[in-house]
2 protein chains.
Amino acid sequence: MKKSKRKLFHDFIARKGLKSTRQRDIVLDGFLSSDAHMSIEELYLKLRARHPNIGYATVYRTLKLFSESGIAREIHFGDGQTRYEHVAEGEHHDHLLCTRCGEVMEFSNEAIEKLQDEIAESHGYLVHTHKLELYGICPKCRK
Amino acid sequence: MKKSKRKLFHDFIARKGLKSTRQRDIVLDGFLSSDAHMSIEELYLKLRARHPNIGYATVYRTLKLFSESGIAREIHFGDGQTRYEHVAEGEHHDHLLCTRCGEVMEFSNEAIEKLQDEIAESHGYLVHTHKLELYGICPKCRK
DNA sequence: TTTGCTATTGAAAATCACTTTCATCAATGT
DNA sequence: ACATTGATGAAAGTGATTTTCAATAGCAAA
Ligand SMILES: [Mn+2]
Ligand SMILES: [Mn+2]
Ligand SMILES: [Zn+2]
Ligand SMILES: [Zn+2]
């Protein structure tokens, strides 16, 4: 059974000798309560509603910690904003984005992952990450 | 037989009623004389060596024109810099990047392109572009 | 608990990488 | 040559972070 992200993060905090603070928990709750691909600003505004005193810098710094701890991943969709998404233990997915309405759909495909490794290998590379984004028009926007 | 990028760009300039200037030719020559994936700043500094008066804004604007004219494509590798690369008529490729030395290798694979279309289609999307980048360690850095 | 040492915060200033503005120049058509 | 209008370069403006710094708040030793 896999540990909750909340626990994983608290373990990370402890292991690194960092402090467990009220603000970090607020950011953590806000981040975990949505599975959207939120930008720093979006999460900041969302948290602000309930916690008027939280600072942008704190949200920014805490999201970085989430990445370091492995519960989140930083993503860049090309709109000039850094976004963060949940990372589930041992899971990976890529994105399909609608350039009309902005919808983001996730997918994963074994065959394509395998092909990527083969290509990299054929060029002598040892791949450790990749980024695959398909930009198009979603079903709703098509009809 | 396909037209040279220089001619393609000059045709574009004429077709759009824009002016053919000394600076545009300088930027064009600098861009065409390297097949690296250069950032605006990199090209600007390279040109500066020979043409101390050329402005950053001119390089910036001219590169945009290259994109519009179809001889260049804007790319983002996640290092916060906008880069431009050559575009050959009817050709497409993706990238393999070394996270140790920064080397960028190009590749193209029919099978993977096809799989991407299938995946998109299976989700009801009509894809018009995609981005595939493989990050790893290159042969030289491995041994 | 109280104390003392640091890490953490939030507001504000600083950076970065563009992007736009504007007075001056330089292409181009007449 | 002249007028018209786009192009240029320096500098100012933007937007999204990223860093600084004085004030707080964890945490652990006493
Ligand atoms: Mn995702
Ligand atoms: Mn390339
Ligand atoms: Zn859509
Ligand atoms: Zn390398």
Side-chain angles (χ1 to χ4, degrees), chain A residues 9-31 37-69 72-85, chain B residues 9-31 37-69 72-85:
Chain A
F9 184 63
H10 283 141
D11 286 355
F12 169 83
I13 286 292
R15 186 165 64 258
K16 290 280 188 177
L18 303 176
K19 291 172 180 171
S20 177
T21 68
R22 207 169 61 72
Q23 287 89 335
R24 283 176 178 163
D25 283 339
I26 288 170
V27 180
L28 183 58
D29 287 345
F31 177 67
H37 300 79
M38 262 189 295
S39 66
I40 304 169
E41 174 101 27
E42 284 167 359
L43 181 51
Y44 168 67
L45 292 175
K46 171 180 170 179
L47 298 178
R48 266 271 155 163
R50 230 176 238 310
H51 310 278
N53 298 316
I54 199 148
Y56 179 96
T58 298
V59 177
Y60 160 79
R61 289 183 290 228
T62 305
L63 283 169
K64 290 233 127 144
L65 285 181
F66 290 173
S67 291
E68 280 183 60
S69 76
R73 188 201 332 280
E74 204 176 302
I75 47 184
H76 299 276
F77 285 151
D79 62 348
Q81 305 248 128
T82 298
R83 292 167 184 286
Y84 288 84
E85 67 172 353
Chain B
F9 183 62
H10 282 140
D11 286 355
F12 170 81
I13 286 294
R15 186 165 64 257
K16 290 281 188 175
L18 304 176
K19 289 172 180 170
S20 177
T21 69
R22 209 168 61 70
Q23 287 89 337
R24 283 177 177 163
D25 283 339
I26 289 169
V27 179
L28 183 57
D29 288 345
F31 176 68
H37 299 77
M38 263 188 296
S39 67
I40 304 169
E41 174 102 27
E42 283 166 0
L43 181 51
Y44 168 68
L45 291 176
K46 171 180 170 178
L47 298 178
R48 265 270 154 165
R50 233 175 236 309
H51 309 280
N53 298 315
I54 199 150
Y56 178 96
T58 297
V59 177
Y60 160 79
R61 290 184 288 229
T62 305
L63 283 169
K64 291 233 129 146
L65 285 181
F66 290 172
S67 292
E68 280 185 59
S69 75
R73 186 198 338 276
E74 204 177 303
I75 48 185
H76 298 276
F77 286 150
D79 62 348
Q81 306 248 126
T82 298
R83 291 166 186 287
Y84 288 84
E85 67 173 354

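Side chains included, hydrogens not; waters and symmetry mates left out as well; all remaining heavy atoms used. Quick note on labels: first sequence line is chain A, next is B, and so on, each numbered from 1.
Rounded to a whole Å, the OH atom of Y56(B) is 18 Å from the C1' atom of dA7(D). Atom CG of L18(B) and atom C1' of dA27(C) are 12 Å apart (whole Å). In this structure, L63(A) places its CG atom 14 Å from C1' of dA16(D), rounding to the nearest Å. Taking atom CE of residue M38(B) and atom P of nucleotide dC18(C), one finds them 14 Å apart after rounding to whole Å. Distance L43(B) CG to dA17(C) P: 16 Å, rounded to the nearest Å. Per the geometry, CD belonging to E74(B) stands 15 Å off P belonging to dA17(C), to the nearest Å. Rounding to whole angstrom units, CG of residue N53(B) and C1' of dC25(C) are separated by 13 Å. In this structure, E42(B) places its CD atom 15 Å from C1' of dC18(C), rounding to the nearest Å.
Taking the six-membered ring for Trp and thresholds of 30 and 60 degrees, F9(A) and F66(A) have ring planes more than 60 degrees apart, a perpendicular arrangement.
Put simply, the side chain of R83(A) reaches to within 4.5 Å of the side chain of E42(A), judged on heavy atoms. Side-chain contact between S67(B) and K64(B): absent, with no pair of heavy atoms (C-beta onward) separated by less than 4.5 Å.
Residue Q81(B) places its side chain closer to dC18(C) than to any other of dG6(D), dT17(D), dC18(C). Closest to the side chain of I40(A), out of dC18(C), dT17(D), dC27(D), is dT17(D).
Regarding contacts with the backbone of dG10(C), a side-chain N or O of Q23(A) is found under 4.0 angstrom from either OP1 or OP2. Side-chain N/O atoms of T82(A) include one lying less than 4.0 angstrom from OP1 or OP2 on dT17(D). At least one side-chain nitrogen or oxygen of T58(A) sits closer than 4.0 Å to the OP1 or OP2 atom of dG10(C). At least one side-chain nitrogen or oxygen of R24(A) sits closer than 4.0 Å to the OP1 or OP2 atom of dT8(C). A sub-4.0 Å separation between OP1 or OP2 of dT18(D) and a side-chain N or O of Y60(A) is present. Phosphate contact (OP1/OP2 of dT9(C), side-chain N/O of T21(A), threshold under 4.0 Å): present.
Among the atoms of the strands shown, none is found under 4.0 Å from any heavy atom of S39(A). Among the protein residues, R83(A) comes within range of no part of the nucleic acid, since none of its heavy atoms lies under 4.0 Å from any strand.
A donor-acceptor contact shorter than 3.5 Å is absent between the side chain of T58(B) and the backbone of I54(B). No donor-acceptor pair closer than 3.5 Å links the side chain of R73(B) to the backbone N or O of Y84(B).
Both G17(B) and K64(A) sit near DNA chain D, but only G17(B) has its closest nucleotide nearer the 5' end. Projected onto DNA chain D by closest heavy-atom contact, K19(B) and R22(B) fall at different nucleotides, the more 5' of which corresponds to K19(B).
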